[in-house]
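Shown next, in structure tokens, is the structure this report addresses.
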Number of protein chains: 2
Amino acid sequence: MLKVDPTLIKDLKAFSGLEMAELELMLGEAQSSYFAKGDAFFREGERATRFFVLLDGYLQVVRTTENGEQVIMRHFAPGEVFGIAPALQRETYPANAIAVADCVALHWPNKCWEDFASRVPRFLKNAHGAVGERLNASQDRIIEMATEQVERRVARAVVRLVNQAGKKTEHGIRIDIPVSRQDIAEMTGTTLHTVSRIFSAWASLGLVEVGRQKIEVLSAHKLVTIAEGH
Amino acid sequence: MLKVDPTLIKDLKAFSGLEMAELELMLGEAQSSYFAKGDAFFREGERATRFFVLLDGYLQVVRTTENGEQVIMRHFAPGEVFGIAPALQRETYPANAIAVADCVALHWPNKCWEDFASRVPRFLKNAHGAVGERLNASQDRIIEMATEQVERRVARAVVRLVNQAGKKTEHGIRIDIPVSRQDIAEMTGTTLHTVSRIFSAWASLGLVEVGRQKIEVLSAHKLVTIAEGH
DNA sequence: CGAAATGTTTGCTAAAGATCAAATTGAATG
DNA sequence: CATTCAATTTGATCTTTAGCAAACATTTCG
């Protein structure tokens with residue numbers, strides 16, 4: 001349980017447009033917790049009891065098929081709400097939320113949701129807006145899976161990772177979380193073998209520099225070209 | 001503009017749990033319109049001005065890629081809300097909504113949304129629940145596209161169509177809307193050729209009877225077996 | 001440090017589907 | 001009824017990508 005200063009978080013997306021008084025009201029009801037890399041915020045099918053805002057770190061939302069295959073649905077960066085079952089009239093969490101870096105998150109018991117509906121309506125609006133974006137993103141991904149082939153899907157996944165977790169380096173941009181070939185495969189619906197081959201090809205074109213759980217993009221522009229196909 | 005009797009629609013999913021007075025309040029603000037097969041309720045990118053509840057008929061939500069390929073995102077049957085941009089803080093509609101059979105729909109200007117938020121809260125809850133289901137369905141479809149091969153995806157699409165628009169016949173269940181091979185291809189991310197081959201194979205196993213824009217399932221059980229793979 | 005464990009690369013082969021081309025069927029229309 | 005048009009089927013071929021196997025590299029840990 002950490003103490004959180006409202007001025008530090010007022011610019012987070014989830015709290016955008018909130019009055020300082022509203023933010024303090026919310027913080028008064030919040031718990032904050034630390035989740036180590038690898039920890040689960042919640043698991044698929046588990047009864048949903050609380051909702052979260054990520055303050056620091058990075059997390060993955062993953063679903064597992066009956067055959068034990070994993071599909072990485074998306075990543076969340078600081079400032080995002082997640083686990084907002086009450087916004088969707090859900091009883092259970094629909095997926096696993098796993099910290100892929102050490103994380104700090106605020107969370108509230110679900111009963112606060114109704115309470116905030118009247119007292120911090122802007123927070124609910126932000127959350128519903130986030131839901132809309134996610135629905136859009138899901139549909140974009142369906143279209144991508146339906147119409148584009150693997151290399152482009154992989155390029156897009158890398159571009160997304162760069163946007164969410166890219167850190168400038170001397171020669172390019174490094175993705176600041178450990179991402180394996182298998183992870184990329186699970187994000188794009190292919191195999192680690194195919195991802196490895198694609199990365200090798202890109203590396204020999206001088207487009208990226210790759211290593212064990214490491215991706216550094218040397219020519220973001222060319223990568224975007226592959227991703228968007230112009 | 002048709003007159004709608006509240007008792008006829010009180011059992012629709014969108015209105016579930018509403019008091020008769022609430023329903024009458026909503027109907028007082030509603031317009032009802034007829035949309036002929038092929039008409040668009042709204043188009044992708046268009047400014048969202050109103051939200052809908054389908055009373056009768058059947059509609060498709062379709063998105064088009066830059067290359068002009070179409071992807072059918074989903075179908076809606078009577079009782080469903082759609083075009084609910086205000087629920088998601090959206091300014092524009094994200095896709096095309098096209099009547100695939102003659103339709104009747106109620107619709108309201110967006111300003112009613114805020115109004116109903118206080119006066120018919122249950123309607124908003126229902127709508128948010130529907131959003132949750134759609135987000136789930138989208139994610140299921142991503143998983144399907146990522147992990148399953150074409151025959152199974154096609155089988156699932158046909159099962160969904162049967163559930164939403166199946167009519168019992170002498171020998172089986174016929175899908176009561178015209179669905180071409182191309183349509184199925186756009187629902188599953190494949191080509192009409194592959195769909196045609198799959199249908200031919202199923203037909204020769206006595207599993208379905210197919211024709212021009214016609215699908216009749218003779219053995220729903222076997223089809224589900226293919227769809228779920230047991 | 002040496003041994004395991006884990007992640008990655010790469011060659012080879014095979015299968016799933018896409019693409020191209022052409023024939024066929026069925027419906028619709030004048 | 002003949003003609004046209006759209007939907008469908010089917011064959012042949014070509015690509016893409018999965019699957020398997022083995023080697024290789026890097027990290028971790030006893």
(message) Please report the end-to-end axis angle for the helix from dC1(C)-dG30(D) to dG30(C)-dC1(D), five pairs per end, rounded to 10 degrees.
(response)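 Rounded value for the end-axis angle: 30°.
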
Among residues at least two apart in sequence or on other chains, which ones pass side chain to side chain donor-acceptor pair (under 3.5 Å) with [X]?
X: Gln164(A); answer: Tyr58(A)
X: Glu46(A); answer: none
X: Thr65(B); answer: Glu69(B)
X: Ser138(A); answer: none

(request) Using a 4.0 Å heavy-atom cut-off, write out nucleotides 2-13 of chain D from 5' to 3' as B (base contacted by protein), S (sugar-phosphate only) or - (no contact). (result) ----BSSBBBB-

(message) Using a 4.0 Å cut-off on heavy atoms, which residues in residues 139-150 of chain B reach DNA chain C? List them by number, or say none.
(response)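 Contacting residues: Gln149(B), Val150(B).
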
(request) Quick one: list whatever passes side-chain contact (heavy atoms from CB on, under 4.5 Å) with Lys167(A), sequence neighbours left out. (result)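 In terms of side-chain contact (heavy atoms from CB on, under 4.5 Å), with neighbours along the sequence ignored, Lys167(A) is linked to Asp176(A).
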
(message) Could you check whether Glu148(B) pairs with Arg156(B) (Lys NZ or Arg NE/NH1/NH2 to Asp/Glu carboxylate O, under 4.0 Å)?
(response)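 Between Arg156(B) and Glu148(B) there is a salt bridge, with a charged N closer than 4.0 Å to a carboxylate O.
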
(message) I'd like to know if Arg134(B) and Glu80(B) make a salt bridge, using a cut-off of under 4.0 Å between side-chain N and carboxylate O.
(response)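 Salt bridge between Arg134(B) and Glu80(B), a charged N being under 4.0 Å from a carboxylate O: yes.
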
Apply ring pair (Phe, Tyr, Trp, His ring centres under 6.0 Å) to [X] and list each qualifying residue two or more places apart in sequence or on a separate chain.
X: Phe42(A); answer: Phe52(A), Tyr93(A)
X: Phe15(B); answer: none
X: His128(A); answer: His128(B)

(message) For Phe35(A) and His107(A), take the angle between the two ring planes, folded into 0 to 90°, and tell me which bin it lands in: parallel under 30, tilted 30 to 60, perpendicular over 60.
(response)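 Phe35(A) and His107(A): perpendicular rings.
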
(request) Walking along DNA chain C from 5' to 3', note the first and the last nucleotide with an atom under 4.0 Å from a heavy atom of chain B, and give both. (result)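 The contacted stretch runs from dG17(C) to dA27(C).
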
(message) Between Thr190(A) and dT17(D), is there a contact of a side-chain N or O with OP1 or OP2 at under 4.0 Å?
(response)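 No.
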
(request) Hey, could you give me the CZ/OG1 distance between Arg47(A) and Thr49(A), rounded to the nearest 0.5 Å? (result)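 OG1 of Thr49(A) is found 9.5 Å from CZ of Arg47(A).
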
